[in-house]
Amino acid sequence: MDLTTLIFGRLTLESFPIHEPILVATFAIVVLGGGAVLGAITYYKMWGYLWREWFTSIDHKKIGVMYVVLALIMLLRGFADALMMRLQQAMASGGGEGYLNAHHYDQIFTAHGVIMIFFVAMPLVTGLINLVVPLQIGARDVAFPFLNNFSFWMTTAGAILVMISLFVGEFAQTGWLAYPPLSGADYSPGVGVDYYIWALQIAGIGTLLSGINLVVTIVKMRAPGMTLMKMPIFVWTALCTNILITAIFPVLTATLALLTLDRYAGTNFFTNDLGGNPMMYVNLIWIWGHPEVYVLILPAFGIFSEVVATYSGKRLFGYTSMVYATLVITILSWLVWLHHFFTMGAGASVNSFFGITTMIISIPTGAKLFNWLFTMYRGRIRFDTPMLWTIGFMITFTIGGMTGVLLAVPPADFVLHNSLFLIAHFHNVIIGGVLFGLFAGIVYWFPKAFGFKLDEWWGKVSFWCWLIGFYLAFMPLYVLGLMGVTRRISQFEDTSLHWYFVVAGIGALFILAGILAFIIQLYVSFKNREALRDTTGDPWNGRTLEWSTSSPPPAYNFAFTPVVHELDAWWDMKRRGYQRPVSGFAPIHMPRNTGTGVILGGLSVALGFGLIWHMWLLAGVVFVAMIAVTIWHTFDYDRDFHIPADTVTVAEDARTQLLAARGV
């Protein structure tokens, strides 16, 4: 091995796609936009503030906000890929070639799936759980604050690697689950699958550690009196989600490790010869993949439960049944993975079992829908934006659930499995369920995080654009799927299909309008933040403990740990005439910020890049550096401090005076 190969590995000048006009234009836009942002941060001298207050923060609230910001940035990239696919299919369904060749199109639809699941939906879920759950259970922070910061930066490192693949080398062309033998070294000899593997491995470490952290937080750090059956539903769904994460992400890690050995070391776990079996990969990836769908949807169910109860002015109907439905879904999500490949030929008995379990899992989901409807029944419903997202979800998700039950019938699945019907169903559930829920949660908890509400008018514009856009974009795909149009295809010869794809493209433009309306909503709300200011800490007349604190909450969340007597603890406290303590404050013990997470995240990007391009010298040096930083961190004993009682008194007195001025 010569010195050049040792240093640069497979990286050459040809690895930079300067011959692709679309990528060159994209690169120019990213450079200009990124340069403008960096220039603005430098001009306003914000680097020190960002480093001290955000990048090195171990405050669960700030980490939650950073997760959401990461997800929204990646949403722009992932949706840009979707828009390019819709445009290509609209242009190429009349016999034309469109503007994307198959090589580029395959990278785009793979990147779209990977980004939307791993770097949009997952960070949004984790971010909202991070922001809200410690407040809802009356805790000062999560169980392991540094681990929380480290988890975020590992997730960010994985996202950065995916973004690098746009401009250095290429991304995988395998679909978002990278089935072998297509993802093996013989069929994908380039760096695309390696980008996929290392981005997911690095981000997966962050997700797994975050899951462990949040399970421990919920189990061990609840306020006195908050038994399991007095936890808010959102906390229950967060607990089940993170139990699933803790159980399934090691499976993903092991599966990708075996695929890595096939590609790097010439083993034959998932090859077609020498004893390998590609179907074993499909089993393993879906043993992770199907519970992953419920990792995303369960927190959305929790958000809808909080929103419906608050905006109906009523206690959630059937709380106990909601808890048990959540637990049943969590358990059954393990028993349905094979419905993703009924067509592999496992036999009638296997297919029957997984078909039946898939139908059964719809029962607790349906029970939740009836509970939300009964909560709304005879309630004083306020049709604010979060409630609109909830009602839009209930209608849309019901359609997605019915098509899911249809696909659970093996004979029907044999016909529809590889068609656009399946694509429509999946997006029906993920957009109509997960994204609608997460947008409802962002609007609902935004004043808690930032101290002012989001503009209502632009929020409704965003909602209606998303709702109309979804139906225009995906209902035609149901029809096309029933007509036998297969998925993963970039060109269609049948000219009679053209108008369906045009309608789907128009739907994508409506969704683009919804995203732009959300960005405008953020800008308008920030501009008018004084008029939208929340001085009470409880702008929606909420029911759970996060609304008992100021907006935004102080670093320590609660000056005194609340004591819980009933479900809907804050509603109960208001009903009993709760009085805020105004004296007797003591020093509060808090963890100290640290830059170790940022440093390890940056080193992880370098390590992943070195492993992708076979730059063994870089990978070795960076790995040693990571070990050194980790050891150095273990010897850093200056990890905590106390907020003086005087500081707590000043903050709490200011809030008392503010509430008194408002007559609260």
Side-chain angles (χ1 to χ4, degrees), residues 49 52-54 57-65 130-143 145 148 217 221-226 230 232 235 310 444-453 529-566 568-593 639-664:
Y49 166 76
R52 290 189 308 273
E53 298 296 326
W54 290 90
S57 176
I58 46 73
D59 184 340
H60 71 93
K61 300 179 289 296
K62 290 181 176 178
I63 291 171
V65 170
N130 253 298
L131 173 67
V132 175
V133 163
L135 290 166
Q136 285 198 333
I137 64 173
R140 292 239 159 87
D141 209 312
V142 294
N148 207 14
T217 301
M221 298 185 67
R222 300 189 306 279
M226 184 176 282
K230 289 178 185 171
V235 178
T310 298
Y444 182 61
W445 283 304
F446 191 91
K448 183 52 57 181
F450 294 101
F452 60 93
K453 293 185 282 190
R529 60 190 180 280
E530 290 307 321
L532 296 167
R533 181 74 62 192
D534 168 34
T535 54
T536 66
D538 186 14
W540 315 123
N541 194 18
R543 309 181 71 83
T544 43
L545 282 177
E546 75 270 29
W547 303 112
S548 68
T549 65
S550 60
S551 296
Y556 50 81
N557 290 351
F558 302 94
F560 292 100
T561 301
V563 178
V564 174
H565 299 284
E566 291 286 343
D568 290 345
W570 176 232
W571 188 266
D572 178 62
M573 290 160 75
K574 288 187 288 188
R575 185 172 58 84
R576 292 170 181 265
Y578 167 77
Q579 297 291 321
R580 291 183 67 253
V582 293
S583 62
F585 302 111
I588 296 176
H589 177 254
M590 297 291 290
R592 193 180 295 280
N593 289 0
R639 298 191 184 190
D640 51 7
F641 69 101
H642 283 83
I643 299 176
D646 293 344
T647 304
V648 178
T649 302
V650 168
E652 294 299 314
D653 284 352
R655 174 157 160 74
T656 301
Q657 292 168 13
L658 188 63
L659 291 172
R662 298 273 301 183
V664 179

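Bear in mind that the values here come from a model prediction, so they are computed numbers and not experimental data.
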Practice prompt. Using modelled atom types only, decide if a donor and an acceptor are shared between the side chain of N593 and the backbone of E53 within a distance under 3.5 Å.
Written response: no
Discussion item. Quick check against the 3.5 Å criterion: does K448 have a side-chain atom that pairs as donor or acceptor with the backbone of P552?
Written reply: no
Worksheet, complete the sentence: Tightest non-hydrogen contact, residues P539 and D534, listed as CD-OD2, 3.3 Å
Discussion item. Nearest 0.5 Å, please: how far is CZ in F558 from CG in L135?
Written reply: 5.5 Å
Response to the item:
Of L545, V132, T217, the one forming a side chain to side chain contact (heavy atoms under 4.5 Å, CB included) with I137 is T217
Item to complete: I would like to know whether R580 and Y578 meet side chain to side chain contact (heavy atoms under 4.5 Å, CB included); could you show each step before the answer?
Response: CA-CA 7 Å; R580 291 183 67 253; Y578 167 77; 4.1 Å; yes
Practice prompt. Determine yes or no for a side-chain-to-main-chain donor-acceptor pair under 3.5 angstrom, with K574 supplying the side chain and R543 the backbone.
Written response: no
Discussion item. I need the W445 CH2 to E546 CD distance, nearest 0.5 Å.
Written reply: 6.5 Å
Worksheet, complete the sentence: For A555 and K61 the tightest heavy-atom approach is O-NZ, 3.5 Å
Fill in: H60 to N130 - nearest heavy-atom pair and separation
ND1-O, 2.7 Å
Practice prompt. Please tell me if the side chains of M590 and F641 come closer than 4.5 Å, counting only heavy atoms from C-beta onward.
Written response: yes
Practice prompt. Supply the atom-to-atom distance I588 CD1 to R140 CZ, rounded to the nearest 0.5 angstrom.
Written response: 4.0 Å
Discussion item. W571 vs N541, test: side chain to side chain contact (heavy atoms under 4.5 Å, CB included). Steps then yes/no.
Written reply: CA-CA 8 Å; W571 188 266; N541 194 18; 3.6 Å; yes
Worksheet item: At their closest point, which heavy atom of K230 faces which heavy atom of H565, and how far apart are they?
Response: NZ-O, 3.2 Å
Fill in: Gap separating the CD1 atom of I643 from the NE2 atom of H589, nearest 0.5 angstrom
10.5 Å
Worksheet, complete the sentence: Between V564 and A223, the two heavy atoms sitting closest are CG2-CB, 4.2 Å
Worksheet item: Does a side-chain N-to-carboxylate-O contact under 4.0 Å join E652 and R655?
Response: no
Practice prompt. Mind checking the CG-CH2 spacing from D59 to W54? Nearest 0.5 Å is all I need.
Written response: 8.5 Å
Item to complete: Would you give the length of the straight line joining atom CZ of R575 to atom CG of D568, rounded to the nearest 0.5 angstrom?
Response: 10.0 Å
Item to complete: Measure across L658 and T535 and return the closest heavy-atom pair with its distance rounded to 0.1 Å.
Response: CD2-O, 3.5 Å
Worksheet item: What residue among N148, V235, V142 forms side chain to side chain contact (heavy atoms under 4.5 Å, CB included) with P134?
Response: V142
Worksheet item: Taking the six-membered ring for Trp, are Y444 and W540 parallel (under 30°), tilted (30 to 60°) or perpendicular (over 60°)?
Response: parallel
